[in-house]
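Please read the structure below before turning to the comments.
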Amino acid sequence: MSPKSVVVVSNRLPITIEKMEEEQWVNHSSSGGLVTAMGPVLRNRGGKWIGWLGVQEMPDDTSLNNLLSRSAEELGYALIPVNITGEEIEKYYHGFSNEILWPLFHDLLSNCNFDPQYANAYRKVNRKFAQAIAKGTHEKDYIWVHDYLLSLVARELRKIGAQRQTGFFLHTPFPPLDIFMKLPWRFEILEAALEYDLLGFQTERDTKNFLGCVRYLLKLKATGRKNIKTIVTKKGEVHIGTFPISIDFKEFAKSAAAEDVTQEVKIIRQNHENRHLILGVDRLDYTKGIPHRLRAFAEALACYPEMRGEIELIQIVVPSRVDVSSYQDLKQEIEALVGEINGRYTTGGWTPVHYMFRSVSRTELLAYYRACETALITPLKDGMNLVAKEYCACNIDENGVVILSEFAGAAAELHHGALLVNPYDIEKVSRSIHQAFSMELDERRKRMKKLRESICRNDIFHWVNSFLGASVKNPNNGPEVDFFVPSP
Ligand code: GDG
């Protein structure tokens, strides 16, 4: 009998590919937290990753095979691509996933476009993922599916008669009943979710929201232990738990202390001598609350004149979905606000907002984390927000302040050390900016130490181990291999 291995399924594979001259395809490995965390679970243990390559034009068979075997060799596990057509990307990815589920799950109902055409494409692509799983994995493999784009995969697996043990982790928040009720496909999404064997959410609030929807809409009650609940459906048992995602804390702390980052920190400090630097880093997305943050920063300059000439906001916005018109509108709104603030307050030698619309290298990002006295992280809603955790891990001098939205998943863990704010409350955010600016070193240290200790304890390896650990609570359920990952 084949051994049980872990198979990760996500919309995107952990590599990106690009066509060079002479029709040659090249691959680059991605280096996100999930890829780092899953490496030790998959590598040399028969592990596999299933996902889309991110290109509409697929390489021909020979180039594709070469590319995948080269990548598999580098990563130490197999890659199985799912082919998605241009029209499917429009309707499944941009449509159902990003015009319906993404805004709905972030409580932003007015951003939803409930176009009925999108639902079929979503089902069809989830079916394609199920087919790739059925074809590319063993019956005894453990299938770990990620995120809102693939909520129907377990149901599709059953429909095509493929028996697999499955787990699902939702990286976004799960909305409260009042919001979820508005989804025209609410029963289908909930019922399909209950076809997984284990469902994981970022925070207790998300888990409670999900259980509340199941209780009200499907009349099913959860029972069981404190941290893992069980729901019995016609199909069997589903386990539900909270597993807050994290980062490779030690790796971030180590890289932040490295020479290249230290040099970069010096340059940033020289360019902003004697200033209190406040950092914002976000993908261009309306959930991140960038305009609200800029208004709060302007309010702080208006209310606390002693901070003028002393504080500077460095706002990095990473381009994302720039071909979507609402995202272009958001970019224009941000740029108009930056222009207004700078136009109003700039003096010779002092510019209040430094705005970058591009992604920065990892070295640069870590240097900004280290160089800035305060992180201003104010999403309107966020599954977790890894920037908050990365900022703390890189704050090796332990003197930074985190101002954090109470609607970021990270607030559940970081509320003891961070200054929590409601991002819609411009006055409160502005007061918190002033509080961070005036905070004594002793208090900053006390708060930052707490934050760092907690993130170090609950790192990404802890997250993987708790999810996979919960999947084996039932011995017939989870992977048999010794998959536990030691924190390096
Ligand atoms: C989803 C959920 C949840 C950002 N700019 C640059 C850069 N980054 C990296 C950061 C961080 C990541 O991107 C962003 O992570 P977030 O957690 O903030 O947000 P989402 O992308 O929205 O992710 C979220 C997450 O899934 C995990 O479950 O926390 O709530 O929405 O790692 O470092 N990296 C580099 N240059 C940049 O300019 N190199």
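Start at 1 and go down the list; that is how both ligands and their atoms are numbered.
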- Give the atoms of ligand 1, by number and element, whose distance to some non-hydrogen atom of G383 is under 4.0 Å. 30 (O)
- Other residues, nucleotides, ligands: >12 heavy atoms within 6.0 Å of K182 NZ: yes
- Message: Could you work out, for atom 33 (O) of ligand 1, the closest of E390, R358, Q202 by heavy-atom distance?
- Response: E390
- Has R362 got its NZ or CZ under 6.0 Å from the middle of the six-membered ring of F252, at an angle within 45 degrees of the ring axis? yes
- Of the side chain and backbone of E364, name the one, both, or neither that has a heavy atom under 4.0 Å from an atom of ligand 1. neither
- Query: Side chains of Y391 and N385: donor-acceptor distance under 3.5 Å anywhere?
  - Reply: no
- Note on the structure: S359 heavy atoms within 4.0 Å reach ligand 1 at atoms 38 (O)
- Item | Under 3.5 Å: N/O of R283 near N/O of ligand 1 | yes
- Message: Is the ring pair W49/Y77 parallel, tilted or perpendicular, if the boundaries are 30 and 60 degrees?
- Response: parallel
- Out of I460, I377, L386, L170, whose heavy atom sits nearest atom 18 (O) of ligand 1? L386
- Would you call Y391 a ligand 1 contact, heavy-atom distance under 4.0 Å? no
- Just jot down the ligand 1 atoms closer than 4.0 angstrom to any heavy atom of L365, in number order. 7 (C), 33 (O), 34 (N), 35 (C)
- Work out whether the distance between some heavy atom of K288 and some atom of ligand 1 is less than 4.0 Å. yes
- Item | Candidate list T166, V41, L468, L198, test side chain to side chain contact (heavy atoms under 4.5 Å, CB included), partner W144, passing option | L468
- Query: From N111 CG over to N98 CG, what is the distance, rounded to the nearest 0.5 angstrom?
  - Reply: 12.0 Å
- Message: Could you work out, for atom 31 (O) of ligand 1, the closest of W102, Y148, F252, F105 by heavy-atom distance?
- Response: W102
- Query: Which atoms of ligand 1 have any heavy atom of V281 under 4.0 Å away?
  - Reply: 5 (N)
- Going by the angle between their ring planes, with limits at 30° and 60°, are F180 and F105 parallel, tilted or perpendicular? tilted
- Message: Looking at R269 and E373, is any side-chain nitrogen of the basic one under 4.0 Å from a carboxylate oxygen of the acidic one?
- Response: yes
- Message: My understanding is that we take every heavy atom of each candidate and find the minimum distance to atom 5 (N) of ligand 1. Doing that for N385, D382, V318, which one comes out nearest?
- Response: V318
- Polar side chain donor-acceptor pair, Q263 to E259, under 3.5 angstrom: yes
- Message: Check for me whether Y369 has a heavy atom closer than 4.0 Å to any atom of ligand 1.
- Response: yes
- Item | Atoms in ligand 1 with a heavy atom of I245 nearer than 4.0 Å | 27 (C), 28 (O)
